[in-house]
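Proteins get letters first, then strands, A, B, ... in listed order; numbering begins at 1 in each.
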Amino acid sequence: MRLARDLRILGLLGTLLLCLAWEAIGATGLGGFTWPPLSRVIAMLADPDRWDLFGRAAGSTLASAVEGYVFGALAGIALAMLTHFLPRLAPGADRLAAGMHAIPTVALAPVFLILLPAGSTAPTLAGIGVAFLVYVAAASGLRASSAAHRDLFQVLGSRPSARLLRLDLPAGLPSIATGLRLAVPAALIGAVIGEWFGAPRGLGVLIVNGMQNFQIVLLWSAVLLVALISLTAYLIAGAIERAVHARFR
Amino acid sequence: MAGSGGAAIALHDVTRRFPLKGVPDGVLALDRVTLDVRPGEFVALLGPSGCGKSTLLRMTAGLDAPSTGTVRVGGNEPAAVAGRQGFGVAFQDHALLPWLTVRDNIALPFRVAGKPVNAARIAALIALVKLTGFEGAFPRNLSGGMRQRVNIARALVLEPEVLLLDEPFGALDAVTRRHMNLELQRIWTETRTTTLLVTHAVEEALFLADRIVVMTGRPGRVAQDLAVPFARPRPVEVMREEEFHRMQDSLVLALEPEAHD
Ligand SMILES: Nc1ncnc2c1ncn2[C@@H]1O[C@H](COP(=O)(O)OP(=O)(O)OP(=O)(O)O)[C@@H](O)[C@H]1O
Ligand SMILES: [Mg+2]
């Protein structure tokens, strides 16, 4: 407990130090003119005139990320269950998932831009990243039940569906929860990259606009916003993961 | 089947070979074991470590299959008996589900069978194994002895045709173990379920069983089959009787030579 509190304080200190360094490098001009001090970035984010712009962009990115996250997670879990019942499909599904994951998102984006209806590139890219991570976690989670428990269910005359519901799924929840946490940043990365390649609005669009129009502070503001959203969601997912681990292990 | 008509458990000429790398014929774990358990009988299986007791029990439960020979429970294949929820099992590893409370762990066989949960039956069993007040506790918050009592209650909840126990108290200290034997004796006297108990402990076998089957070391064969003469219900004092000590000594001796191989 004491150690945990100490670690938290250390983490806060580290973050503070990082912010100070950012500010100092920006203020002295050590990082060149593309490195603005943190205070200017925060000032832009805090400017009420910009809230509408940032709010709509963040809302759009978040919507894409959440859509991709939900569908990707469901697809990953569904595929894991399918291979659980039909183990012959497992090697093929593993390879498909690994293959999809091996192709860089940036390389896939233009393809989806052509193939998919307008506006669905961002959620699709978010979903693919999420689906892979959740599939891998769920597939190994569904195999995590102990031999003694599997024997018990067999002797109790369990049907496969009862075993999935009452043994394999609960035993796999810790692993699935870990996968869901790791998938949070993947969803946001997918959404932002998807927006780079074409979306009416979003933080990814702001980032691209900032780069192309040399609006350095705007660029940094959008990046900082993505990072803050990702970090917050990651921390929430981490808390859920800890609760699941405490309950199901 | 000849010779086993009416037997609750009938193992006939059972041989089990396990494949082993580098050994062409594998390991012969059980060699032509024949064993009948009558309905309502409590049989204890005694033998040195590695003689195939657990294997025999797993085959009875349909978790393993004999290389040659037949296994019948109530005249049926074990898998069919499992399918109609005819087994109650408690193994050394209590195998309670860590995410379920005591009550839900005991209710599990109902749910797995797709039967409505009989709350009154569960409450009665919780009282029987003396866990009243712990219904909502999780296994991780129970002592080893309490977990095994949940395990026994779960094994009994569907009123099984056959109870299979594999060293259910093997991991407990001597005092708790003796206490659990008293409890099991009391519970069993109320239900009289056909029971096959695997154990290392001679005292446990003598106190609980109607009949003791002693096996030889690898490969496992039936060496002795003796009736336990003590009348039921058996009080603790049975363990102080001279006949009890005499049988205990002779059984320990029967197991002894195997201990040094
Ligand atoms: N799945 C298996 N694969 C290979 N060999 C096995 C397997 N299960 C058991 N054996 C072998 O069969 C023999 C009997 O094992 P078993 O577990 O039935 O013995 P046991 O009498 O229950 O021993 P203990 O009293 O130590 O529990 C042992 O030699 C063991 O190595
Ligand atoms: Mg054993």
Item to check | L152(A) vs L108(B), side chain to side chain contact (heavy atoms under 4.5 Å, CB included): CA-CA, chis, key distance, verdict | outcome: CA-CA 10 Å; L152(A) 174 74; L108(B) 183 74; 4.1 Å; yes
Checklist entry - How about residues 237-249 of chain A versus chain B: which residues have heavy atoms under 4.5 Å apart? => result A246(A), R247(A), F248(A), R249(A)
Item to check | Contact origin within R140(B) toward chain A - heavy atom pairs under 4.5 Å | outcome: side chain
Next on the checklist: Looking at chain A, which one of V81(B), L164(B), L96(B) has the largest number of heavy-atom pairs inside 4.5 Å, strictly under?
Outcome noted: L96(B)
Checklist outcome for this item: side chain to side chain donor-acceptor pair (under 3.5 Å) filter on S145(A), not counting sequence neighbours, yields R150(A), D168(A)
Let me have the donor-acceptor pairs involving side chains of residues 87-95 of chain A, under 3.5 Å, with sequence neighbours excluded, atom names and distances please.
unit_1	atom_1	unit_2	atom_2	d
D94(A)	OD1	Y135(A)	OH	2.6

Checklist entry - Which members of residues 154-166 of chain A, sorted by number, sit under 4.5 angstrom from chain B on a heavy-atom basis? => result Q154(A), V155(A), L156(A), G157(A), S158(A), R159(A), A162(A), R166(A)
Checklist entry - For atom CZ of F138(B), is the number of surrounding heavy atoms from other residues, nucleotides or ligands below 6.0 Å larger than 12? => result yes
Checklist entry - Of the backbone (N, CA, C, O) and the side chain (C-beta and beyond), which part of L158(B) lies under 4.5 Å from a heavy atom of chain A, both, or neither? => result neither
Next on the checklist: Please report the interatomic distance CG(L173(A)) to CH2(W99(B)), rounded to the nearest 0.5 Å.
Outcome noted: 8.5 Å
Next on the checklist: Out of V89(B), D93(B), L100(B), L97(B), return the one with the most heavy atom pairs under 4.5 angstrom to chain A.
Outcome noted: L97(B)
